[in-house]
Amino acid sequence: MMTAQAAQRAVQLRAEIERHNHQYYVLDAPLIPDAEYDQLFRELQALETSYPELVTPDSPTRRVGGRPLEGFAPVRHVVPMLSIRTETDISDAGALAFDARVRRELGKPEAVIEYACELKFDGLALNLRYERGVLVQAATRGDGETGEDVTQNVRTIRQIPLRLAGCEAEVLEVRGEVYMSRADFGRYNDRQREHGLPTLVNPRNGAAGSIRQLDPALAARRPLSFYAYGLGEVRGWALPESHSAVLDALAAFGLPVCGERAVVQGAPGLVDFHRRVAEKRDSLPFDIDGVVYKVNSLALQQELGFVTREPRWAVAHKFPAEEQLTVVRDIDIQVGRTGKLTPVAKLEPVFVGGTTVSNATLHNEDETRRKDVRIGDTVIVRRAGDVIPEVVGVVLENPSTSLRYAQGERERGEPFDLYARLGGKCPVCGSHITREEGEADWRCTGGLVCAAQRKQAILHFAGRRAMDIEGLGDKLVEQLVDSGIVHSLPDLYRLDAATLAGLDRMAERSAQNIVDALQKSRHAKLARFIFALGIRNVGETTAKDLARHFGTLGKVRDADVERLQQVPDVGPVVAASVYEFFREPHNIEVIDDLLNPARCGLVLEEGDGVGSEGLPLYGKTFVLTGTLASMSRDEAKSHLEALGAKVAGSVSKNTDFVVAGAEAGSKLDKAQQLGVPVLDENGLMEILGRSKEW
DNA sequence: TGGCCTCGAGTTCA
DNA sequence: CTCGAGGCCA
């Protein structure tokens, strides 16, 4: 790069970074995720390293953060609050590189260095000043030299002691991070939503925003936590020899210190810590960016010193970002089994949370409008603890494009309007679409005329929990419906191997497998068949309830709304769904066809409609969690149900037993919380075995 | 009527 | 897994 170009780029980057600093630190309204900001910052750093003549005294790299907010008194830090360098390589190599650097700087290439390892919190750094053990002042980092006096707000954080236990030091400044736990964040937002008040975007913004609340009464309502991780100015207190001993001392004074820390030896210890924390990351009660490594010996820390504003003896080693920026290429609209129209954002593929994400649901029109996602927008995508990616929100300025369009607002697409986009018609069948008063969803009115709904209905029918027709997946159904071979459910049972073998990715062998699977499914339990029909509001459990109560399909079909409501857990809504389903001539036609021995030849396993009162586990509710060694969860479920037990999906005080297999999750915790008896696999086998003898 | 508990339905990627 | 809503009970 030519010097002139480099100079121009540096000016651009500085302006950009300053603006984001202002957004982030002063306005608490970041426009871009941290990873993106870090990247801009690193680019400027790199540029200034290559061209030292470009460095200006007011460059953002010369300071650590933003600037004090008007309204809070400025506080000059006696000992500057430095930032910590981030290792660029997020793989294990990052840890090795840091250790190698430390040994080289110390001139001891062979030494095994002792490190203190901690978590890197996603929050806001604070300096707490204690004089003779009393909290006299709390300040934010600000620009590192001067922060803001937020003592009033910090006093409202219960975890922060106003007086230290057994510390009479003339001055002891404690540094740490204010954060919001995930649970507190969720609870806070739930409450805000209930009252129709604005919610917080993420816990980090919550923490930063609360501390900077000018009204301490408002700040006090935000549930904040704090962890101490270091020291500022110290007078009249003999420093221990190591960082870990400092933290122990702070904990003894009554300050919260995070328990997830370790003292390790050399690079292997760092790698090990990084891995262990990465595994735990999702189950921690708070968000973290990564981990921090610090040379443990304070003497060695001093020897290593600083490069400009960053200590040589510490680095942050981050994890893959859970949030990333990407561009919405298009908004597709999918048609579900019930005709529900779901907008889906087609994204420029982006690596986030360990996998590449290219689709994200926008749920419905209101949700899309609330987030104001439009085609062409840059959005923040998150893939946190759970697996499913979500669009967190729109970024109104993309740093890479705003450099180009620095002067004006970027052109945006139209606000999302589902009806207008579809011209009022289902994208698959062209039937008109409706949205009932008070409903969130638009629906296609085409019913089974709509190919999309037919495909979904067939897939549902073939599903594992329904008729369990192995091999009949979405690709095959797609082909069968599109080619016109299968129009409705009975057509499935008229398929032969020769027809199937003509299809894409279908040879004789696979074709025969499908035919066999269909043959096997001709004999089905009533409950599965009812579920397979796909009646609105009738899922697996309700289908079982109906089958058990009525015993035969004929009785279910002929039942009036009143009779239907006598089934446990069936109220007016479900009863109406069932009743109307069996009044629809097309549905009756399909069912008759399926059960006609001369046509499809399905045979239902029907009963006489007695309850299961006589069974040994009648009236007991089980919840299964974790993985069992000897059988699948579904098998365990059907065994239990065969004995009259009810198997529910979540634990409550009505649960009689929780069966915990290997790697049981939150359900086990909940069981312990509620004092519900927990069985291991042996316990389950014992119950199943014993009950069989009865 | 309000506050649980459940159930139903929709969702992503390897 | 999570959200929304149906159903039940106090």
Side-chain angles (χ1 to χ4, degrees), chain A residues 182 186 189-190 193-194 199 282-283 320 322 326 332-347 349-364 366-368 370 381-391 436 438-444 452-453 455-457 459-460 463 465-466 473-474 527 530-546 561 564-578 581 621-626 633 637 646-656 664-667 670 674 676:
Chain A
R182 289 173 183 166
N189 272 356
D190 285 348
R193 236 172 267 125
E194 272 164 33
T199 52
D282 288 344
S283 57
E322 287 183 338
T326 189
D332 261 18
I333 294 160
Q334 290 177 356
V335 186
R337 174 168 64 90
T338 59
K340 183 192 163 179
L341 298 164
T342 307
V344 176
K346 310 304 274 184
L347 305 168
V350 63
F351 192 74
V352 49
T355 46
T356 305
V357 170
S358 44
N359 295 309
T361 175
L362 295 168
H363 301 292
N364 56 50
D366 288 350
E367 178 86 357
T368 313
R370 201 162 49 72
V381 175
R382 178 191 296 160
R383 199 161 170 276
D386 53 351
V387 199
I388 297 172
E390 68 168 331
V391 172
E436 300 293 321
E439 281 252 315
D441 301 323
W442 283 95
R443 305 197 109 87
C444 161
Q453 290 182 63
K455 286 176 194 168
Q456 294 295 322
L459 276 172
H460 175 77
R465 328 197 78 112
D474 54 357
I530 293 174
F531 174 58
L533 291 173
I535 304 167
R536 264 244 254 171
N537 299 313
V538 176
E540 211 184 350
T541 308
T542 308
K544 271 179 200 154
D545 289 345
L546 289 169
V561 171
L564 285 163
Q565 288 203 54
Q566 287 168 7
V567 179
D569 297 327
V570 172
V573 175
V574 175
S577 296
V578 176
F581 181 90
T621 301
F622 286 70
V623 172
L624 304 173
T625 179
R633 242 167 39 188
K637 184 174 173 182
K646 203 168 155 59
V647 179
S650 59
V651 182
S652 75
K653 59 175 191 279
N654 298 337
T655 310
D656 294 296
S666 59
K667 289 181 203 170
K670 183 90 183 274
L674 294 173
V676 174

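Each chain gets a letter, A, B and so on, in the order the sequences are listed, and its residues count up from 1.
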- Query: Phosphate oxygens OP1/OP2 of dG8(B): is one of them under 4.0 Å from a side-chain N or O of T542(A)?
  - Reply: yes

- Message: Closest-nucleotide mapping onto DNA chain B: is T342(A) or A543(A) further toward the 5' terminus? I mean the 5' end.
- Response: A543(A)

- Give a yes/no on whether any side-chain N or O of S358(A) is located under 4.0 angstrom from OP1 or OP2 of dC13(B). yes

- Message: Nearest whole Å is fine: how far is dG10(B) C1' from Q456(A) CD?
- Response: 10 Å

- Length of the line joining L362(A):CG and dT11(B):P, which is rounded to integer Å: 11 Å

- Query: By salt bridge (charged side-chain N to carboxylate O under 4.0 Å, His left out), which residues pair with K455(A), not counting sequence neighbours?
  - Reply: E478(A), D482(A)

- Select one nucleotide: of dC7(B), dG6(C), dC13(B), the one nearest the side-chain heavy atoms of V573(A). dG6(C)

- D569(A) CG to dC8(C) P, in whole Å, measures 6 Å

- Message: Just N and O in the side chain of R536(A): are any of them under 4.0 Å from OP1 or OP2 of dG8(B)?
- Response: no

- Roughly how many Å is it from CD in Q565(A) to P in dG7(C), rounded to a whole number? 7 Å

- What nucleotide, of dT12(B), dG10(B), dG7(C), holds the atom closest to the side chain of V574(A)? dG7(C)

- Taking all atoms of both residues into account, what is the closest heavy-atom pair of P343(A) and T368(A), and its distance? CG-OG1, 3.7 Å

- Message: Using only atom types and a distance under 3.5 Å, with no angle test, would you say the side chain of R337(A) pairs donor to acceptor with the backbone of G534(A)?
- Response: yes

- Between dC13(B) and T356(A), is there an OP1 or OP2 to side-chain N/O distance shorter than 4.0 Å? no

- Measure the CG-OG1 distance between L347(A) and T356(A) for me, rounded to the nearest 0.5 Å. 11.5 Å

- Rounded to whole Å, the CZ-P distance (F622(A) to dT6(B)) equals 15 Å

- Task: For E367(A) and dT11(B), give me the distance from atom CD to atom C1', rounded to whole Å.
- Result: 13 Å

- Task: May I ask you to verify if any side-chain N or O of N359(A) is less than 4.0 angstrom from the OP1 or OP2 atom of dC13(B)?
- Result: yes

- Can a side chain N or O of T541(A) be found less than 4.0 Å away from OP1 or OP2 on dT6(B)? no

- Item | Nearest-Å distance for atom pair CG/C1', residues L459(A) and dA9(B) | 15 Å

- Note on the structure: From CH2 of W442(A) across to C1' of dA9(B) the rounded distance in Å is 21 Å

- Query: Quick one: does D441(A)'s side chain have a donor or acceptor within less than 3.5 Å of a partner on R443(A)'s backbone?
  - Reply: no

